[in-house]
Undergrad: 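Before I ask anything, here is the structure I am working with.
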Amino acid sequence: MVTSKKIAAQASRLREEINHHNHLYHSLDAPEISDAEFDRLFNSLQKIEEQYPDLIQDDSPTRRIGGVPLSDFTQITHERPMLSLNNAFSDADLADFERRIAKRLETTETIDYACEPKIDGVAVSLLYENGALMRAATRGDGTTGEDITLNVRTIGAVPLGLLGSGWPARLEVRGEVYFPRSVFKKMNKLAERRGDKVFANPRNAAAGTLRQLDPRVTAKRKLTLFVYSVGMTEGGTLPGSQTEILAQLSDWGFRVNPLIEIAHGIDECQAYFNQMSSKRGQLDYEIDGVVFKINLIEAQDALGILTRTPRWAIARKFPAEEASTQVKKVEFQVGRTGAITPVARLEPVQLGGVTVSNASLHNMDEIDRLGLFIGATVLVQRAGDVIPKVVSVVASKHRKSIRKVRLPSSCPSCGSDILKIEEEVVARCTGGLNCAAQRKESIRHFASRLALDIEGLGDRLVSQLVDEGLVRNPADLFRLTQKQLVPLERMAPKSADNLLRALKKSKATSLERFIYALGIQGVGEATARSLAVHYGDIAQLQGTSEEALQAVPDIGPIVAQKIYRFFQQDTNRQVIKELLQQGVHWQAQQPTAHARALVELRFVLTGTLNGMTRNEAKARLQALGAKVSGSVSAKTDYVVAGDSAGSKLTKATELGVNLLSEEDFIALLKAHEKGGA
Ligand code: JCF
């Protein structure tokens, strides 16, 4: 097919512009345009490439996500081994290091070092040929690693094509892939709510994500990287020092840590280490030390390497993120469903640059398992951004002051009885919505992102609203007035306005969000969705029986009983009624606003889909009102092109019919099946 020069030029201009803004955003952390503007550029290019597939290039920003999951990773051999670093655990170790190299280099002059934070992530190698990313691999054992190209391509900070010019014909760049703490935290929270696997720390999460066989999963998780060195090169030259090489890599589009500095002599290295020790807790990534490298490449080469570690570099490690301290007391917190969680109040202790004074003890069984008592000396650990954890009890010397931890008989918040059912691990407050703590938590849950998603209604505000008696249940939120809000702490008229607007906006929701928002024990996002699909409206669900609930996919007898009991309670029915009276609403049944948009649309399916059978795809489209036909004509609206799509795809491009990849198709189905994007 012939594509006009104009369109080709436009695609190329868009690609350049997108790459430029991608670089500003992901590598320099300095975006110049809004996300929406970026998306607009991206969509324009995607649109052109969909219509004119012959314009697609492998390094196009739209090609980050490959469609096909792998069945296994291929082993690759590094052309140059990926080294590891010798460690220094004290200032004395560092001084020894400098003495050794000064002697070998036969110099008495001050040595310059490149100093960088040592990222606690996953080391990767990126191979570029003529400026295009050809292969990405894990470090593995340093000699052989695994081919993770498809996953690495999804990382926004990895250039698919190098910027600028002057790069060697073949260039291997090395760096550390990691999860920003903030991303990790969000991801784990979401996973926990969904009942998915929770990662122990950002490093494990990054390693697990890079070893995903399905790159689409990787693409959804926002990994990033810092590059720190060049491995193999061919056909080109590089600057003569580590810091200049990094500056060059930055110009070619790589993300380089802005905290890298030159130190003159080992004393300045030590100062850098101290500075990073105190900054550590505030960084958005985990570091386990700092790396010092002799800055001049000539000097590095003169020193050479010892089997697996360079003589010209050393890692000064932080002490382990573990410390011992005393348990001052154990307090009990009340969750949304009344679950009572013991929390250890600790003698404050420094742990990885932050002060730790609390640790969750989860439940009474955990306290028994640890053999924890008040006054005990305990070992605490901070794993990633996870709440500090008590690892073990160290025998206490002060036997006199010890006290056993007892579950209180009444709720610390409302004074109601605490009940512990034999077969459950958790103890619960029986106060229900009469308990301020439960009230706060249930309102927080109601407002949370996967529930009604009320922007600006944070924990502190919820606490104030409940304490001031302005809000007792979720329905009260919608009765709030400007006059009530403005006198609250930290509440300017403008923020009150914003909150009222967000509340109004949140009223338009979906049945599944609404059910989830109710905060029924055992009903997470997935169960809420099953219930919404199964019952179709809230009245049906309220009137259901325990037996009928058990017939819903994924709902067993215990959750069925909890759901049933929830809807039997008058207070709950009353709150639901009031919410509906306040105008909380959703699209009636399946054909939602978006779904109706598919009515009258004609689809043709071609090629093999990986995620579902042709019949399933057809059924799902038809359920949304679309027509599915077997042949492409001028009347066709969309052709879904799976793997090895043949003549139908050719015909579609000839006729200029919109093309959908499998991913886009699935995204489209999901958006419509959920009742809106
Ligand atoms: O950030 C790191 N984890 C890191 C690891 C940084 C470096 O500059 C490294 C490294 C491992 C080996 N440099 C070498 C040579």
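First listed ligand is number 1; within each ligand, the first listed atom is number 1. These values consider heavy atoms only, across backbone and side chains, with no hydrogens, waters or symmetry-generated copies. Here, residue 1 is the first one in the sequence, and each next residue gets the next number.
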Undergrad: Examine Lys293 against ligand 1 and note whether any of their N/O atoms are separated by less than 3.5 Å.
TA: yes
Undergrad: When rounded to the nearest 0.5 angstrom, what is the spacing between OG in Ser324 and CG in Leu379?
TA: 6.5 Å
Undergrad: Would you indicate whether Lys186, at its atom NZ, is surrounded by more than 12 heavy atoms from other residues, nucleotides or ligands within a distance under 6.0 Å?
TA: no
Undergrad: If the condition is side-chain contact (heavy atoms from CB on, under 4.5 Å), which residues does Asp301 pass it with, not counting sequence neighbours?
TA: Ile297
Undergrad: Have a look at ligand 1 and work out which part of Glu176, if any, has a heavy atom under 4.0 Å from it: side chain, backbone, both or neither.
TA: side chain
Undergrad: Against heavy atoms of Leu83, which atoms of ligand 1 measure under 4.0 Å?
TA: 12 (C)
Undergrad: Any N/O of Leu85 closer than 3.5 Å to an N/O of ligand 1?
TA: no
Undergrad: Rounded at 0.5 Å granularity, tell me how far CD in Gln333 sits from CG in Leu361.
TA: 10.5 Å
Undergrad: Any sub-3.5 Å donor-acceptor pair from Asp120's side-chain atoms to Asp288's backbone N or O?
TA: no
Undergrad: List every atom of ligand 1 that sits less than 4.0 Å from any heavy atom of Glu116, numbering the atoms from 1 in the order shown and giving each element.
TA: 6 (C), 7 (C), 8 (O)
Undergrad: Among all protein heavy atoms, pick out the one at the shortest distance from atom 9 (C) of ligand 1; state its residue, atom name and that distance to 0.1 Å.
TA: Tyr228 CE1, 3.3 Å
Undergrad: What residue pairs, at least two apart or across chains, pass side chain to side chain donor-acceptor pair (under 3.5 Å) with a residue in residues 18-28?
TA: none
Undergrad: Can you tell me which residue and heavy atom of the protein come closest to atom 3 (N) of ligand 1, and the distance to 0.1 Å?
TA: Ile119 O, 2.9 Å
Undergrad: Test your reading of the structure: does Trp312 have an N or O sitting under 3.5 Å from an N or O of ligand 1?
TA: no
